[in-house]
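Reading through the structure tokens given below for one structure.
First listed ligand is number 1; within each ligand, the first listed atom is number 1.
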Amino acid sequence: MFRVGLALLATAFAASLASGAQPSGSPADPPWVDPNLSPEVRAQAALGAMTLDEKLRLIFGYSDQAYTDLVKVPDDIVSPDLKAYVVSHQVKGSAGFVPGVPRLGIPDQTQTDASIGVRNSFIPSTALPSSLATAASFDPEVPRAGGTMIGGEARATGHNTMLSGGVNLAREPRNGRNFEYTGEDPLLAGTMAGALIDGIQSNHIISTVKHYAVNDQETLRTSLDVTISAEAMRQSDLLAFELAIEKGKPGSVMCSYNLINGRWGCENDYLLNKVLKHDWGYKGFVMSDWGAVHSTADAANDGLDQFTGFCCITDKAWFGPPAMKAALQSGAIPAKRLDDMVERILWAMFAKGPVDFPVKVAPIDYAANAAVSQKAAEESLVLLKNDGDLLPLRGVKSIAVIGGHADKGVLAGAGSSDVTPVGGAVMIDNHTYLPSPPLDALKRELPKARIVFDPGSNLTSAAALAAKSDVAIVFLNQHLSEGSDHALELTGDQDALVAAVAKANPKAVIVAETGGAIYMPWINQVPAILEAFYPGIRGGSAIARILTGKVNPSGHLPISFPASATQLARPDIAGLGEPDGTPAQVTYDEGAAIGYKWYDVKGYKPLFAFGHGLSYTNFAFSSLNAKPDGRSIQVSFAIRNVGKRQGKGVAQLYISPTDWKKAGWESPKRLCAFAKADLKPNRSKAIEVTVDPRLLATYEAAGNNWHIRAGEYRVMLGDASDELPQSVSVTLPESIWSAAHGGMGP
Ligand code: BGC
């Protein structure tokens, strides 16, 4: 069914690649063959051997629709030979394809979405929990293991590039793609997305951090112009990218659809040339989001390296050979800029593995991979409320399971991250459910209990079942999708269902399968709530094992849950209801004060605070100590399990200047470190962390500096942003340093 794009290799070097062996290099081989040389040297050497037409192949990639529609593209844009090559080498059903240069042993780029798993309707894959869910683990080893697993599936299905690593901050709680991202805090989001990318790339393939940048709503995503100051960006959205790039070292960055301060994301000199390539010293390449290119010379000169996802009927071939040749000839694009574009792409291909470790279709151990996904869910689901220790369920003889299609599966988000799951998707109302019904899993975990399902469509019958059961578990669904934003109110009668069931049986447990935050008008009527996010291909098992106590929950919220619409930074989503493509504008007046920072500035009490999450045991913190260390702070403390059963505690450190306004901060406190510890009862663990100086500083655009103001800062420790029982003061000296640390490179 698939073809791996290495079949046309012509040289001896090429033959060694086709065998799958890592090339050894010999004096007769061209220099880029030698794996002992640096990727920089190899990229330059390969570039030097390329013709103009070969260079142009690497900067122009085709979308999945090209598979069928390429025939309609004029031959002077894509030659008949190249059309045939694309169609015969593309992995059928994958997101994109960039032809390589077989003569030189440069493989094709076979690209697949996304952060939750391989998305290809022809290939069943293992779906991780949503990225927002795995961010809730507060343990980078969870997304790293997930990335290693999905990257392995990408490799084994012939893909050498994953379009994975979504790190846009949850600035807008109604953003339809929040489930693909890693929350509202730059440190948490950057750390978790970076770990996912690192795991993916451990398979010798490229991963892509996306969508760069400030692409924080889906409404009018291709025509929205975001106004935001450089200071706010560098301290929030861009800091998340900066950290994800440092930690994950992705081979590529995907620029976004929207405009930022009047310039398209994919032709944005400030974001691409100044910040990414100059200040951060990024050595990989910038690929466009699919259809996000608007020009030839401007895009190339303003930092776009590869027009990816070209397709064929509506797109203009901005980076197609005729347009590029004309721009090169007229001098609108300098020849050395084209070389830089190609060199960056080659660098990623050499540095990340696709050249030396060609992908090969291979068998996949789906059972082992499902276990990775289940463990990720078990580390990530968040117990929001547990009055009277109703959970875990003990000695329960009868259970009503109500609503949410819990008899069929668990919900998944939609769009380009929509994995075709192993075992087949269950499609209900056009929404994808992964085949892991919580109902079956509960029956497995509690074989002696009488467990009866009610779909929840009739409130009277649901309430009647709840009334005659020991416990009623109500499953709620919030469907999110790329391409549109979503209300935080639940759809249909779901709120009324909870109220009716809670009235019939006070032992009501809510399991919320949501892409992000929701309102809970019934919050005071129910004793227990489990936030299950989109829990992945074994989500039902993970939910059942947490409800029954086989697993002690340890997830903490990576986002705040607003109590009501009055707490949102913007009452309305800009451009909501306007037809796609309508020019629209939004100003992010809240700047870097996103999520809990916004709530702190305003003095709002959210429904559930960032970092909140309960366990079936309790943790206590002690011995908090903080001392300045250069620009940074070294913090040590101990965490102890003071409850009766083993569990994982999440320590969160926040920092606050005595006078946050005087210090120029966007808000009173910032998350500055976190750690997770697995502890038996009465056991404790000593933890030491170093605070990244950027989390103590403000960004100053005038000098392109980070600046820590001299003064006293409080370091606060606890297990939620609103539960910080320990604190200690530290005095920091003034420090100013350049935000340009070029040369870091991935
Ligand atoms: C999405 C990207 C995705 C690409 C390819 C775009 O519409 O925004 O996240 O990688 O499609 O499928």
Side-chain angles (χ1 to χ4, degrees), residues 60-69 90-98 109-123 125 128 130-132 147 150-151 154 157 159-168 175-182 193 196-197 200 205-224 241 244 250-260 264-266 285-294 304 306-312 314-315 412-420 480-485 515 580-581:
F60 193 48
Y62 304 87
S63 86
D64 50 349
Q65 285 154 42
Y67 191 76
T68 47
D69 290 349
Q90 196 183 40
V91 181
K92 191 179 172 202
S94 64
F97 178 82
V98 184
Q109 270 179 51
T110 42
Q111 303 166 330
T112 178
D113 287 303
S115 301
I116 286 145
V118 172
R119 196 245 327 161
N120 186 317
S121 54
F122 297 97
I123 306 176
S125 298
L128 283 172
S130 64
S131 297
L132 190 70
I150 63 171
T157 52
H159 303 96
N160 64 13
T161 304
M162 280 202 100
L163 312 173
S164 310
V167 73
N168 296 86
N175 179 1
R177 294 189 90 169
N178 277 342
F179 74 95
E180 291 186 60
Y181 302 138
T182 43
L196 178 89
I197 292 164
I200 290 170
I205 63 174
I206 292 172
S207 197
T208 309
V209 71
K210 68 187 189 184
H211 308 86
Y212 186 74
V214 209
N215 180 194
D216 298 341
Q217 70 172 60
E218 285 295 282
T219 301
L220 301 185
R221 65 175 175 170
T222 60
S223 55
L224 181 75
F241 274 94
S252 76
V253 172
M254 185 188 286
C255 50
S256 59
Y257 284 120
N258 51 304
L259 299 102
I260 304 94
W264 296 105
C266 291
F285 66 102
V286 176
M287 66 160 74
S288 64
D289 202 341
W290 271 222
V293 187
H294 299 271
L304 179 67
Q306 187 182 65
F307 178 154
T308 327
F310 169 73
C311 187
C312 322
T314 47
D315 268 4
S416 58
S417 67
D418 190 0
V419 166
T420 298
L480 295 197
S481 170
E482 175 181 341
S484 57
D485 297 314
D580 272 354

Taking the six-membered ring for Trp and the single ring otherwise, decide whether the centroids of Phe307 and Phe60 are under 6.0 Å apart. yes

Quick one: nearest non-hydrogen protein atom to atom 6 (C) of ligand 1, plus distance? Asp289 OD1, 2.9 Å

Does any part of the side chain of Asn160, heavy atoms only, come nearer than 4.5 Å to the side chain of Gln109, both counted from C-beta? yes

Heavy-atom contacts with Tyr257 under 4.0 Å: which atoms of ligand 1 show up? List them by number with element. 6 (C), 7 (O), 8 (O)

Nearest option to atom 3 (C) of ligand 1, as decided by whichever heavy atom of Asp113, Leu163, Asp64 sits closest: Asp113

So, taking the atom named CG in Leu196 and the one named CD1 in Ile150, what distance separates them when rounded to the nearest 0.5 Å? 5.0 Å

Applying side-chain contact (heavy atoms from CB on, under 4.5 Å) to Glu482 and Arg221, what does each step give before you reach the verdict? CA-CA 10 Å; Glu482 175 181 341; Arg221 65 175 175 170; 3.0 Å; yes

Going by the atom numbers of ligand 1, which of them fall below 4.0 Å from some non-hydrogen atom of Lys210? 2 (C), 3 (C), 9 (O), 10 (O)

Within ligand 1, which atoms have a heavy atom of Glu482 less than 4.0 Å away? 1 (C), 6 (C), 7 (O), 8 (O)

Quick check on Gln111 - does any of its heavy atoms sit under 4.0 Å from an atom of ligand 1? no

Just let me know how Glu218 lines up against ligand 1, side chain, backbone, both or neither, with a heavy-atom cut-off below 4.0 Å. neither

Under-4.0 Å heavy-atom contact with ligand 1, by part of Arg177 that carries it: side chain

Per-atom contacts, ligand 1 versus Arg221 - under 4.0 Å to a heavy atom: 7 (O), 8 (O)

Looking just at side-chain N and O atoms, do Ser94 and Asn120 make a donor-acceptor pair shorter than 3.5 Å? no

Atom 9 (O) of ligand 1: which of Met162, His211, Glu180 has the nearest heavy atom? His211

Exercise: do Arg177 and Ser416 side chains pair donor with acceptor under 3.5 Å: yes

Please determine, by modelled atom types, if Ser484 and Glu218 share a side-chain donor-acceptor pair under 3.5 angstrom. no

So, Ser121 and Thr420: side-chain donor and acceptor under 3.5 Å apart, yes or no? no

Counting from 1 in the order shown, the ligand 1 atoms closer than 4.0 Å to a non-hydrogen atom of Arg119 are 12 (O)

